[in-house]
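Scroll down for the structure; my scribbles are underneath it.
Since this is a predicted model, take the numbers as computed values, not measurements. Chain identifiers are assigned alphabetically (A, B, ...) following the order of the sequence lines, protein sequences preceding nucleic acid strands; residue numbering begins at 1 within each chain.
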Amino acid sequence: MLLIKKFFRQKSNYFLIILISICFAFSLTISSISNSIHAYWENTILNEIIFRTYELRDLPNVDEAKKILDNISEVEGYFPSSDYTVNTWVKGINSDKDLPVMSLYGIVGSQKVVVGEEITNDNKDENVLICPNKYLPYYSTELRDYDESKEIDLTRFLNKTISLVSHEESDNKQKTAHFKIIGLYEADNEYADPRACYTYYTNIEELRNLFETSKYEITSSSDHDLLFQIKNIVDEEKVLKELENNGLYATKIAGINTQIALKSLYSLISVKKVITISLILILIFITLYKEKINRSNLSINKLIGYDNKNIIKQTIFNNALLLFCSFIILIPLTHIYLQVFQYYLPLYDNNFKDVTFALAFSNLINIFFIIMFIMIILIVISFLSNHKSNILEDISS
Amino acid sequence: MKNVVLKLHNIKKIYKVKDENILALDNINIDFELGKFYLIIGHSGSGKSTLLHLLGLIDNADSGEIIFNDNNISNLNSKELAKLRNEKIGYIFQEFYLDKYLKAYENIMVPMLINKNFSNKKEIFKRSLLLLDKVGLEKRKNHFPKQLSGGEQQRVCIARALANYPDIILADEPTGNLDINNEKYIFNLLKELASENKCVIMVSHSSDAKNYADVILEMDNGRLKRI
């Protein structure tokens with residue numbers, strides 16, 4: 001009880017509690033933001049089909065590779081490493097005039113959606129399309145020139161269902177398939193084909209089966225390459241390792257350098273590291289200083305009968321109380337920091353826009369262990385200082 | 001009948017300073033009795049402090065024996081010595097050495113908190129108030145050291161020294177920082193403690209101190225003589 005009273009009567013302890021709380025709350029905030037962002041990326045951006053699609057090239061035995069992929073539960077599916085293309089007429093977009101040839105591609109290598117939704121795991125089987133925002137039916141790939149007056153703005157067809165029909169309208173066996181346009185990509189993109197829409201490759205296969213009696217082109221190439229997708233990006237390492245164990249080496253077809261994409265985050269993480277290390281050094285310095293000015297008190301206590309065990313117990317109690325108070329304060333403080341960062345970070349970096357920052361329990365545990373580590377350092381310093389102290393010298397001086 | 005509490009027998013203490021041996025205590029033989037007020041005088045460097053440190057069990061002799069209540073304490077380990085210091089010896093210093101973050105009564109409680117002879121905190125608290133009353137500071141119990149005058153701080157220090165019912169009170173220049181009135185008060189208090197069957201051993205340069213002591217001892221070049 002006396003120790004607690006003494007602890008709270010020392011202004012330096014309040015200073016230390018505030019210093020530790022502020023610094024660790026900052027550290028915890030950055031870790032939580034980092035966790036939130038990585039979780040967001042893993043669940044959304046990095047989990048888009050394109051980023052969890054891998055290629056196995058020059059396979060000596062494609063069937064055997066398929067068997068291996070079949071046995072990996074984390075693999076969602078595989079298909080030949082080439083774009084399936086179906087050329088088709090499109091009906092229902094414009095009542096006056098149907099669109100001529102539209103090329104449909106598998107989702108792999110698709111364009112970035114700028115309006116509407118991406119094709120995801122949840123909707124990939126629902127006959128959905130992403131198309132250019134400006135559709136150019138008479139586009140010439142060779143000359144890359146077109147008559148702008150003939151472009152069709154597909155924005156107004158977003159979330160509408162269109163009909164794809166086989167070319168030959170006179171054919172009595174003409175087949176029709178219905179697809180919904182759920183997203184639009186930028187047609188002015190250098191690599192965009194303004195007649196091309198994208199759907200999931202299995203839909204293309206279904207279309208191929210549907211249109212098989214027609215004469216229209218369905219292209220497929222390369223018998224020795226396979227593309228495969230894993231169900232969730234978090235299983236990436238496990239799947240690649242399992243393939244390696246079977247002598248298969250897969251390469252990612254697209255990736256994002258998160259170090260560049262999340263530059264602001266990594267800057268904050270660097271600041272966090274500097275602050276944490278500085279804090280540990282400051283705490284060591286302050287502890288040494290306190291031990292020095294407290295030396296005479298320590299020696300008087302020894303003189304009046306306190307043995308080393310008593311002194312060390314006091315030291316542990318003091319440091320534990322200091323860090324416990326800091327730990328209690330840093331939790332609400334972190335919530336405040338998170339609110340502030342939640343408001344300001346998206347103003348500076350769009351990557352933070354859709355992310356909700358939340359305090360991560362795992363980070364809290366990490367901070368707890370760092371605090372325990374610091375406590376051990378402080379106790380060791382106190383212990384060494386206590387052992388060095390000499391009653392005679394300290395009293396005499 | 002002699003009531004010897006502490007006995008020094010053939011005590012020698014040598015300090016080594018730059019290859020030179022300095023004889024700080026030279027064959028000291030003396031018995032300290034309960035109920036007496038001892039004054040140790042001597043010029044600087046005569047060995048007074050060294051003697052006090054030995055009596056206070058915070059330094060060891062190079063040869064000879066220290067007998068405490070008929071027990072030779074030369075072979076006690078640091079933990080046993082700490083227990084002996086806590087329960088049997090009270091210390092008073094010129095610089096007071098009070099804990100500035102503890103109130104007057106809390107400073108007095110400190111030595112009692114590790115003494116297993118006290119059964120509970122309430123008893124310790126009561127005794128600290130009693131001791132403050134004894135030194136005339138019952139109304140200042142809630143004051144911190146910096147809120148007390150030098151004389152008052154020294155009285156708290158005396159109360160702390162008495163906390164565990166010690167047999168011996170060691171006072172090292174207890175009035176060195178006090179005015180004449182406070183000095184008289186402290187000397188009277190120490191004399192009163194001696195009359196309560198405690199052995200009070202004081203080192204002092206004060207000329208007035210001789211008027212209060214029962215036994216005056218002079219240290220001269222490591223030798224102790226009775227005046």
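For a residue to count as touching a neighbouring chain, one of its non-hydrogen atoms must lie under 4.5 Å from one of that chain's; by this rule B:L98 touches chain A with the backbone only. Contacts between A:Y306 and chain B at a heavy-atom distance below 4.5 Å involve backbone atoms as well as side-chain atoms.
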Practice item. Please lay out, stage by stage, how A:R9 and B:K103 fare under the test side-chain contact (heavy atoms from CB on, under 4.5 Å). Key: CA-CA 11 Å; A:R9 285 173 188 159; B:K103 292 174 181 176; 3.6 Å; yes
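Residue A:K5 qualifies as enclosed at atom NZ: its count of foreign heavy atoms under 6.0 Å is above 12. The local environment of CG in B:D70 is sparse, with at most 12 non-hydrogen atoms from other residues, nucleotides or ligands closer than 6.0 Å. Heavy-atom contacts from other residues, nucleotides or ligands closer than 6.0 Å to CZ of A:F317 number more than 12.
A pairwise comparison of heavy atoms in B:A82 and A:D307 identifies CB-CB, 4.3 Å as the closest pair. Closest non-hydrogen pair, A:L303 versus B:Y91, comes out as O-CE1, 3.5 Å.
The distance from atom NZ of A:K302 to atom CG of B:N86, rounded to the nearest 0.5 Å, is 15.0 Å.
The shortest distance between side-chain heavy atoms of A:K6 and B:V110 does not fall below 4.5 Å.
Without hydrogens or angle criteria, B:R85 side chain to A:I304 main chain gives no donor-acceptor distance under 3.5 Å.
Residue with the most contacts toward chain A among B:L102, B:D99, B:L81: B:D99 (heavy-atom pairs, distance under 4.5 Å).
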